[in-house]
2 protein chains.
Amino acid sequence: MASTTRQQAAADKRRQILDAAVRVFARQGFHQCRVSDIADEAGVAYGLVYHYFDSKEEVLDTLFLERWDVLLAMIAELDAREELSPREKLYRIASFIFDSYRHDPELMKVIIVEVTRAANSFGLTHLTKIQEAYQGIARIVERAQEEGQFHTGVSAEFAALAFYGAVEQVLTAWIFEVLPHGEEDFDRAKEFVVETVCSGLDVGRTD
Amino acid sequence: MASTTRQQAAADKRRQILDAAVRVFARQGFHQCRVSDIADEAGVAYGLVYHYFDSKEEVLDTLFLERWDVLLAMIAELDAREELSPREKLYRIASFIFDSYRHDPELMKVIIVEVTRAANSFGLTHLTKIQEAYQGIARIVERAQEEGQFHTGVSAEFAALAFYGAVEQVLTAWIFEVLPHGEEDFDRAKEFVVETVCSGLDVGRTD
DNA sequence: CGGGTGATTGACTGACCAGTCAATCCAATC
DNA sequence: GATTGGATTGACTGGTCAGTCAATCACCCG
């Protein structure tokens, strides 16, 4: 177990750097911070960051993928659950995303602001990964349309984009404090987004 | 009128620089391009950019505000039009934005990618302006709720965010070619976004 | 014309910072 | 207690660019 201790210590240091990076990226932004800021925040020498990562970008990269892959797995799993209504599926996706923010606002801020909404070179690197999320949502909508639970007047791709766009926009509003967000707002937001996308704003629905 | 000619020439040069900046920003991105790229594209000396603008950012600034102020005026004007249904009002806002893209995709790409979705220092500078758009849309929704045309189960702010988020997401998908966009897709997009937000995806509506 | 004012030029400077690297440390192993 | 190799250090380098500025140009007015 001796070597395990060594490996464990190394893995801990790596994580320590990643955690520090989240705080620094959230506070200053990816482009505005220096690698030395991350090292300082982690209480580690400058060069060590380059021992564990090839570049500054790879640090952000790692943070994004760690979390995004969980989302993708979650969407895929949801798609297969025949017993759930499409509305319930969308509700769970919205829940997952909003709860991710509730649980770790700094990490979600970094992911949304520096990757998902970042149209610069970096955002493009992960375009495929981001698209996978849209496509997963679109598949859920499509299936609901085939089964007659959603009407077919709107293409599934558009619907997925609209749903995801609404979620991200609310999150962005929270991140930049354009919209207040107390503890109860998280659950309201889930309901609201799903309600809007599924039932719309018009009066005269059954619901 | 001699001095007018002089002034006119100067104004033309300024515009020439702005137009070049749109192309360069759209092609390379704000942070990725150098001021010399703008000057070269405009066929003008490096220093002249600084004769007409205080900084690289002021160039982007100017491009954004020129267009965004038109949008804000349009929303405000729409809000006052008693005879239009809320659905029609939202349709016109979506139309304005999508048509702006159709008419000048490079400019809209710059505005969306480098300002509206740019959460970095620059996006924050214009947060207030961007918020004004949300608030304008929210006012339209609110008014529709008061008059019983929209149900009150969703707060007007959330609805506005969802609507704008959906529009921006579709635009972003076009910009990054995640979604194809032939000439007929513009009109489809307007319908789809408004349909989704107003009537929702559920079956069993009157419409 | 001649002087003045604003337009135009582009070389240069100063600051910044990602990534490198040679040196040092230290824990595990024999 | 000597050896080895990964972990750790931080000074340094090389390249990039925004913004400055002194010089030059061209139009206009008296």
Side-chain angles (χ1 to χ4, degrees), chain A residues 1-22 24-25 27-64 110 114-115 118 120-122 125, chain B residues 1-22 24-25 27-64 110 114-115 118 120-122 125:
Chain A
M1 274 301 150
S3 70
T4 302
T5 308
R6 201 87 187 289
Q7 283 171 16
Q8 189 57 44
D12 288 353
K13 266 293 164 56
R14 197 185 131 95
R15 177 103 320 262
Q16 193 175 323
I17 291 168
L18 285 170
D19 292 345
V22 169
V24 172
F25 289 160
R27 192 191 315 133
Q28 299 171 241
F30 178 77
H31 290 289
Q32 285 66 47
C33 83
R34 288 164 296 172
V35 173
S36 67
D37 294 330
I38 301 173
D40 290 350
E41 178 81 24
V44 133
Y46 184 89
L48 198 62
V49 175
Y50 286 93
H51 180 71
Y52 287 105
F53 303 94
D54 285 344
S55 66
K56 186 186 177 186
E57 262 201 24
E58 207 198 83
V59 177
L60 178 53
D61 216 357
T62 304
L63 291 171
F64 167 69
V110 170
E114 305 295 343
V115 185
N120 48 49
S121 57
F122 195 78
T125 309
Chain B
M1 277 299 151
S3 71
T4 302
T5 307
R6 200 85 186 289
Q7 284 171 18
Q8 190 57 42
D12 288 352
K13 266 295 164 56
R14 197 185 131 96
R15 177 101 322 258
Q16 193 175 323
I17 292 169
L18 285 171
D19 291 344
V22 169
V24 173
F25 289 160
R27 191 191 316 134
Q28 301 173 239
F30 179 77
H31 290 290
Q32 285 66 46
C33 83
R34 289 164 295 174
V35 173
S36 66
D37 293 331
I38 302 174
D40 289 351
E41 177 81 24
V44 133
Y46 184 89
L48 197 62
V49 176
Y50 286 93
H51 179 71
Y52 288 105
F53 302 95
D54 286 343
S55 66
K56 187 185 176 187
E57 262 201 24
E58 206 197 85
V59 177
L60 178 53
D61 216 358
T62 304
L63 291 171
F64 167 69
V110 170
E114 306 296 344
V115 185
N120 47 49
S121 56
F122 193 79
T125 311

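Letters A, B, ... mirror the listed sequences (proteins, then strands); counts begin at 1. Because the structure is predicted, anything quoted here is derived from the model rather than measured.
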Taken to the nearest whole Å, CZ/R15(B) to C1'/dA7(C) is 19 Å
What nucleotide, of dG19(C), dG19(D), dC17(C), holds the atom closest to the side chain of R34(A)?
dC17(C)
Using whole Å, report how far OH of Y50(A) lies from C1' of dG6(D).
20 Å
Just so I know, are the side chains of L18(B) and V59(B) near enough to count as touching, which here means a heavy-atom distance under 4.5 Å?
yes
Rounded to whole Å, please give me the gap between CD in Q16(B) and P in dA7(C).
14 Å
Tell me, do D19(B) and R15(B) make a side-chain contact under 4.5 Å, heavy atoms counted?
yes
Using a 4.0 Å cut-off on protein heavy atoms (strictly under), produce a 5'-to-3' string for nucleotides 9-15 of chain C with B for base contact, S for backbone-only sugar-phosphate contact, and - for none.
BBB----
Ignoring the backbone of Y52(A), work out which of dA18(D), dG19(C), dA7(D) is nearest its side chain.
dA7(D)
Let me check something: any side-chain donor-acceptor pairs from residues 37-50 of chain B under 3.5 Å, sequence neighbours excluded? List them with distances.
unit_1 : atom_1 : unit_2 : atom_2 : d
D37(B) : OD2    : Q28(B) : NE2    : 3.2
D37(B) : OD2    : R34(B) : N      : 2.9
E41(B) : OE1    : R27(B) : NH2    : 2.9
E41(B) : OE2    : R23(B) : NH1    : 2.5

When rounded to the nearest 0.5 Å, the distance separating CD of E114(A) from CD of E57(A) is 11.0 Å
Rounded distance in Å - CG (D37(B)) to C1' (dT16(D))
12 Å
Whole angstroms only, please: what is the CD1-C1' distance between I17(A) and dA7(D)?
11 Å
Looking at residues at least two apart in the chain, or sitting in another chain, which of them share a ring-ring contact (aromatic ring centres under 6.0 Å, His included) with Y52(A)?
none
What heavy-atom pair brings E58(B) and F53(B) nearest, and what distance separates the two atoms?
OE1-CD2, 3.4 Å
Which pairs, with at least one residue in residues 42-54 of chain B and sequence neighbours excluded, count as a salt bridge (charged side-chain N to carboxylate O under 4.0 Å, His left out)?
none
S36(B) near the nucleic acid: base, sugar-phosphate alone, or nothing, with a heavy-atom cut-off under 4.0 Å?
nothing
Report the distance from atom NE2 of H31(A) to atom C1' of dA18(C), rounded to the nearest whole Å.
13 Å
For the pair made of CZ in F53(A) and P in dG19(C), what is the distance, rounded to whole Å?
13 Å
Distance check needed: dC16(C) P versus Q32(A) CD, whole Å only.
14 Å
